[in-house]
Amino acid sequence: MEFLILMIRNGIRPNMFTYSSVLRSCNGLPILKQIHCSITKAGLESDVFVRSSLIDKYSKWGELQNALTTFNEMETSDLIVWNTIIGAFTQNNNGDEALNLFKRMKKSGFMSDQATLTSVLSAVTGMALLELGRQVHVHVLKYNNQDLILGNALLDMYCKCGSMEDARFEFTKMVEKDVISWSTMINGLAQNGFSHEALKMFQTMEASGSKPNYITMVGILFACSHAGLVEKGRFYFEKMETIYGIKPGREHYGCMVDLLGRAGQLNEAVKLIHNMEPGPDVVTWRTLLGACGMHRDTGLAAYAANRVLDLDPDDSGTYSLLSNIYANTQRWEDVEKVRRTMRGKNVKKEPGCSWIEVNKEIHAFIVRDDSHPEIEKIMREVNCYVKRLREVGYVHDTSFVLQDVEGEQMEDPLLCHSEKLAIVYGLMVLVKGKTIRIRKNIRICGDCHLFAKLLAKMENRNIVIRDPIRYHHFQGGVCSCGDYW
DNA sequence: GTAGGGTTAG
């Protein structure tokens, strides 16, 4: 930047090379907009290099509208600029638009390369759409079936779509594996509830001579915490620095807080938080809050919730959690207090939403939303299943019912949870034997978890539910999480 | 003889 200013002062006119170079070091949105202005003034906007750099930088600042405008105003495009705009939407969690652009790109006659396909795979991964992922896989095969980066992206896609069979198969087929391949598998197995397999894979990784890094260790500790392996987790946490030379960061401390908290060692967890070197952040406190909920420690829960709200005052999830915890211990005045605070701050509860992919179309179910064309039929089916499941031991777990002070008490709020609707819809429309795969925006409640377990057994169906942090594989009356999540 | 853009794991 300094040299650019010096250059202009010396009367030398910057050209497209100057601008695409200086854009690399652009570290603020106002500066980016200024540079964009001077590019326009200098009449250098038509250069594809300058354009793609601008698009990329706008996207890094979350300015998708500016990125798209810059893209659409181009007369000529090339493969890289297409990759840039597709990547922009992928990285900003707008997989839908990324896929639309990918279609547009193909229609314009461009052939995808490694960068296109990794972005598109990453978009599909974010949406957890397995059938779409398989379609992209075909494009990958046409491009290059031995590419390491694409192989890794495929592994991640299958893991995040909850199909470990596919992930394992692709992994064994890879001719070359790097630390990302191993870490993807370890994390994928752990998140899908196959903790022991994840730890076994770590041993295989070490035996093969690959060295774990920071992210690999996150996966290992995540596996330990979700399998309740307290001692093993402690072992890896202590040895990661001495043996592997990896300094524990927030994420590792977070896993340890989770590990101790789940195991009921709440005081140990608090001690760790107060002593952790990077200092706790929102995620750390939220983790502790989750553990307080599992162990019904309302006092500590209130403390943790307030630390979360110090750092993120509009976090509706935390208010809901806190209110749930108070409700579970019959502290109705406190429930009301939380509700009042939420109303005062105008914080809205995030509605639960579940998606299911049927014939490459996405069907979304939202609590209290009856816009699905077949909602009445689905509700009737849910009721039928509930009746039949009661005969095999299904009892409502009412500790998950939020007191609804806004009135309009639902006949049975648990019946309306979006995942129940999505699962039942899957049973109605998917061919017999096909795994039902659901993606949802908030974590599954105990009642829906039991519902899914019993239903999987009664209907002899595999059900996979992906929530924001992990997966549940329901099969034959049990879940891969071991009821520990 | 010299300068510039996009992609994978928590």
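Just the heavy atoms: all of them, side chains too, but no hydrogens, waters or symmetry mates, feed the values below. Below, chains carry the letters A, B, ... as their sequence lines are ordered, and counting in each starts from 1.
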Original post:
Can you find a donor-acceptor N/O pair under 3.5 angstrom joining the side chain of S21(A) to the base of dG4(B)?
Top reply: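 Answer is no: no donor-acceptor pair is held.
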**OP:** Report yes or no: is there a donor-acceptor pair, N or O only, under 3.5 Å between the side chain of D47(A) and the base of dG5(B)?
**Re:** no
Without decimals, in angstroms, what is the distance between [X] [atom1] and [N] [atom2]?
{"X": "L44(A)", "N": "dA3(B)", "atom1": "CG", "atom2": "P", "answer": "19 Å"}
{"X": "N144(A)", "N": "dT7(B)", "atom1": "CG", "atom2": "P", "answer": "19 Å"}
{"X": "I85(A)", "N": "dT7(B)", "atom1": "CD1", "atom2": "P", "answer": "12 Å"}
{"X": "D113(A)", "N": "dG5(B)", "atom1": "CG", "atom2": "C1'", "answer": "13 Å"}
{"X": "D56(A)", "N": "dG5(B)", "atom1": "CG", "atom2": "P", "answer": "10 Å"}
{"X": "K57(A)", "N": "dG4(B)", "atom1": "NZ", "atom2": "P", "answer": "14 Å"}
{"X": "L4(A)", "N": "dG4(B)", "atom1": "CG", "atom2": "C1'", "answer": "14 Å"}

What's [X] touching, base or sugar-phosphate or nothing? Going by heavy atoms closer than 4.0 Å.
{"X": "T84(A)", "result": "sugar-phosphate"}
{"X": "V81(A)", "result": "base"}
{"X": "K177(A)", "result": "nothing"}
{"X": "R24(A)", "result": "sugar-phosphate"}

Please set out all donor-acceptor pairs under 3.5 angstrom arising from side-chain atoms of residues 282-293 of chain A, sequence neighbours excluded.
from: T284(A); atom 1: OG1; to: D281(A); atom 2: N; distance (Å): 3.0
from: T284(A); atom 1: OG1; to: D281(A); atom 2: O; distance (Å): 3.4
from: T284(A); atom 1: OG1; to: D281(A); atom 2: OD1; distance (Å): 2.8
from: R286(A); atom 1: NE; to: D315(A); atom 2: OD2; distance (Å): 3.2
from: R286(A); atom 1: NH2; to: D312(A); atom 2: OD2; distance (Å): 3.4
from: R286(A); atom 1: NH2; to: D315(A); atom 2: OD2; distance (Å): 3.2
from: T287(A); atom 1: OG1; to: V283(A); atom 2: O; distance (Å): 2.7

Subject >> K247(A)/E277(A) salt bridge by N-O under 4.0 Å criterion >> reply: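 Result for this pair is yes, salt bridge flagged.
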Original post:
Would K211(A) and E206(A) pass as an ion pair if we require N to O under 4.0 Å?
Top reply: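 Salt bridge flag = no for E206(A) with K211(A).
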What donor-acceptor contacts under 3.5 angstrom involve side-chain atoms of residues 91-103 of chain A, with partners at least two apart or in another chain?
from: N92(A); atom 1: ND2; to: S59(A); atom 2: O; distance (Å): 3.2
from: N92(A); atom 1: ND2; to: A88(A); atom 2: O; distance (Å): 2.9
from: N94(A); atom 1: OD1; to: E97(A); atom 2: N; distance (Å): 3.2

Original post:
F17(A) side chain: which of dT7(B), dA3(B), dG5(B) is closest?
Top reply: dA3(B)
Original post:
Do T318(A) and L309(A) touch side chain to side chain, with heavy atoms closer than 4.5 Å?
Top reply: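 In short, these two side chains touch, coming nearer than 4.5 Å.
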Pairs under 3.5 angstrom, nitrogen or oxygen only, protein versus nucleotides 8-10 of chain B, please.
from: dT8(B); atom 1: O2; to: N152(A); atom 2: ND2; distance (Å): 2.9
from: dA9(B); atom 1: O4'; to: T184(A); atom 2: OG1; distance (Å): 3.3
from: dA9(B); atom 1: N1; to: N213(A); atom 2: ND2; distance (Å): 2.9
from: dG10(B); atom 1: OP1; to: K160(A); atom 2: NZ; distance (Å): 2.4
from: dG10(B); atom 1: N2; to: E251(A); atom 2: OE1; distance (Å): 3.4
from: dG10(B); atom 1: N2; to: E251(A); atom 2: OE2; distance (Å): 2.8

Original post:
Hey, what do you get for CZ (R443(A)) to SG (C448(A)), rounding to the nearest 0.5 Å?
Top reply: 13.5 Å
Original post:
With distance as the sole test, does R466(A) use its side chain to make a donor-acceptor pair with the main-chain N or O of G162(A) at under 3.5 Å?
Top reply: no
